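Presented below is the structure to which this report refers.
Owing to the predicted nature of the structure, the values given are computational and were not obtained by experimental measurement. Values below: every heavy atom of this structure, side chains too, minus hydrogens, waters and symmetry copies. Just so we're on the same page: letters track the sequence lines, and every chain starts at 1.
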Protein chains: 2
Amino acid sequence: MTMLKGKDIILSLLYKEPLTGYEIMERIQNRLGYFVEGSTGMIYPALKKLEKEGFITSEEIIQHDKPNKKRYTICENGRKSVQDYIESPISQDKFISDFLLRAYLETNPIKELVTHEIDQITKKLAKLIADNEAVIADMAAGQLFAYEFGKNMYQTQLNFLHRYLETEIRRNNP
Amino acid sequence: MTMLKGKDIILSLLYKEPLTGYEIMERIQNRLGYFVEGSTGMIYPALKKLEKEGFITSEEIIQHDKPNKKRYTICENGRKSVQDYIESPISQDKFISDFLLRAYLETNPIKELVTHEIDQITKKLAKLIADNEAVIADMAAGQLFAYEFGKNMYQTQLNFLHRYLETEIRRNNP
DNA sequence: CCGTACATGTAATTCGTTACATGATTTC
DNA sequence: GAAATCATGTAACGAATTACATGTACGG
C-alpha cells in the first residue's frame, strides 16, 4: 500500500546504468514525465542521502567545456533495494486533477475549464510524441508499451473533451 | 504552479454545505476518489487547523444512537480563501503510476503487470459506477461531467490493456 | 544581449502518509 | 460472534514542494 518514492525511481534508473543527477532529472522529466515526478529539489538531496546510506557511489567527472558532473553508480546494497522494490506490491495509480475537482464542484465554468484542459493536454501530448517518436525504433518493449499507453490516454482525454465542446455548441444552436 | 492541497478540497466542499469530518471523508473517498485523495490522517488535522485559523467553525451534534459528531461550517474567511483558490491558476493533472514505471523499466514481466493492472482498474471502474449510477438523475452538470470523464478514462485504459493481451496471445499462437 | 542547455545544489516549510487508538451500534 | 457503518482523532516520521542560488558555454 505504500506509495512510489523518489528513492525507488532513482535506484531503478541506476540499476540499468550509471547516471548523473542531471541525466536522472532529464529522464524523469522527459521520458517518464507522464507517470512519475521529479524536481532538482527532490533528486539531488535524494542522491546525497542514497550515497550516504551506501546504496550508490559517485565519481566526479571533470569537464572543460561544460560544468563538472558527478556520475552515480549503484552498488550491492542498491541492487538489493531494487529487488525489494520489484517484489513489493505494486502501488496503485494515482490521478490527481484540479481540473476535475473544479468541474465537479462547478466553481469555475465548465466550458472554460475544458478549453483550458484541452490546451494543457494538447501540449503534453505534443511533448510526449516529440520526445519519443524519434527514438521509437530503439525502444525496449516496455518503453514502447508505456509510451503507447500514455499517448492513448491523452488522445482519449482530448477526444472526450472535444466531444463535450461540440455537444455544447449543438445544444446552443439547435 | 502550486499543487492542489487538502485545504482547498475541504474548503470547497464546505463552501456548498456544512459537513462533518466523516462526511467529508466519505465524499472525498467515494465521489471524488478517482481524482483526489484524502485520509483521516489528513482530514481531521486539516479541519482542526482550519478552525484554529478562522476559516471554519464547528458545532457539536449530540446523537444517542450513534457517536456524537462535529459539523463544520465555512465562514467569511473560508469563503474568501475559496475565492482565491477559484481565481488561482489551475494546477496540472498529476498521474503517478508504479505500474507504468515497472513496465517502462521492465523490472517486472509486462504481461503480469498488465493482468494485475486490469484487475485494479476493473475494480475501480466498478466502484465508480456503483457509487454514481444510482444518483445520476440528481447530479449537477459538473458532477455528471466528472463522472463521465472518469468512466471514460478507466474504460479506455481497460481497452488498451485487453488489446495488449490479445496481441500478445496472437503473437504466441501464429 | 538573451535564452537555453548543461550542471549542482540548499533551506524552509508544509504536508501528507502510515499506522495506531477507541468505541458505540447495527446487521448478518 | 464477526463485520460493517458511524465517528473522531493522534503521533511520528518521511518526503516532497517551492523557491532560491550559482555558474559556464553556445547559438542566434
Inset, instruction - Summarise protein proximity over nucleotides 19-28 of chain C in one line of letters, 5' to 3': B for base, S for sugar-phosphate only, - for none, counting protein heavy atoms closer than 4.0 Å. - result: B---B-S---

Inset, instruction - Rounded off to whole Å, could you give me the CG-to-P distance for the A:L11 and D:dA15 pair? - result: 12 Å

Legend entry - NZ/A:K111: more than 12 non-hydrogen atoms of other groups inside 6.0 Å: no

Inset, instruction - Find the distance B:L47:CG to C:dG16:C1' and express it as a whole number of Å. - result: 15 Å

Inset, instruction - May I ask you to say whether A:K70 pairs ionically with A:E59, meaning some side-chain N is under 4.0 Å from a carboxylate O? - result: no

Inset, instruction - Send over the distance from A:I62 CD1 to D:dG23 P, rounded to a whole Å. - result: 18 Å

Inset, instruction - Among D:dA7, C:dT17, C:dA7, find the nucleotide with the atom closest to the side chain of B:Y22. - result: D:dA7

Legend entry - B:K48 vs D:dT8: side-chain N/O to OP1/OP2 distance below 4.0 Å: no

Legend entry - Cation-pi check, A:R102 onto B:Y85 ring (under 6.0 Å, within 45° of axis): yes

Inset, instruction - For residues A:Y164 and B:F145, establish whether the separation of their ring centroids is below 6.0 Å. - result: yes

Legend entry - Net bend of the helix from C:dC1-D:dG28 to C:dC28-D:dG1, end axes of five pairs each, nearest 10 degrees: 50°

Legend entry - Protein-nucleotide distance (A:E23, atom CD; C:dG9, atom C1'), rounded to Å: 17 Å

Inset, instruction - Look at the side-chain N and O atoms of A:K49 and state whether any lies under 4.0 Å from the OP1 or OP2 oxygen of D:dA15. - result: yes

Inset, instruction - With heavy atoms under 4.0 Å as the rule, sort B:M3 into base, sugar-phosphate or nothing. - result: sugar-phosphate

Legend entry - Distance below 4.0 Å between A:Q63 side-chain N/O and C:dA7 OP1 or OP2: yes

Inset, instruction - Please state whether the phosphate of C:dT8, meaning OP1 or OP2, lies under 4.0 angstrom from any side-chain nitrogen or oxygen of A:Y44. - result: yes

Legend entry - Salt bridge B:D84-B:K80, side-chain N to carboxylate O under 4.0 Å: no

Legend entry - CZ (A:R27) with more than 12 external heavy atoms under 6.0 Å: yes

Inset, instruction - Considering just the side-chain nitrogens and oxygens of A:K70, establish if one lies under 4.0 Å of OP1 or OP2 belonging to C:dG9. - result: yes

Inset, instruction - Whole angstrom is fine here: how far is it from CD1 in A:I43 over to P in C:dT8? - result: 11 Å

Legend entry - Gap between atoms CE and C1', on A:M42 and C:dA11 respectively (whole Å): 17 Å

Inset, instruction - Tell me which of A:R71 and B:G6 sits closer to the 5' end of DNA chain C, going by the nucleotide each one is nearest to. - result: A:R71

Legend entry - Pi-cation contact, A:F35 with A:K94 (under 6.0 Å, within 45°): no

Legend entry - Flag, side chain of A:Q157 to backbone of B:M153, donor-acceptor distance under 3.5 Å: no

Legend entry - Atom-to-atom span, CD of B:E26 to P of D:dA7 - whole angstrom: 11 Å

Legend entry - Any A:K7 side-chain nitrogen or oxygen under 4.0 Å from OP1 or OP2 of D:dG14: no

Legend entry - Which nucleotide in D:dT17, C:dT17, C:dA7 has an atom nearest any side-chain atom of A:K69: C:dA7

Inset, instruction - Find the distance B:I10:CD1 to C:dG16:C1' and express it as a whole number of Å. - result: 12 Å

Inset, instruction - Would you sort out whether B:Y34 and A:F95 count as a ring pair (Phe, Tyr, Trp, His ring centres under 6.0 Å), showing the intermediate values? - result: CA-CA 7 Å; B:Y34 58 106; A:F95 178 61; 8.1 Å; no

Inset, instruction - Kindly indicate whether a cation-pi arrangement holds for B:R79 with B:Y15, taking the cut-offs as under 6.0 Å to the six-membered ring centre and within 45° of the axis. - result: yes

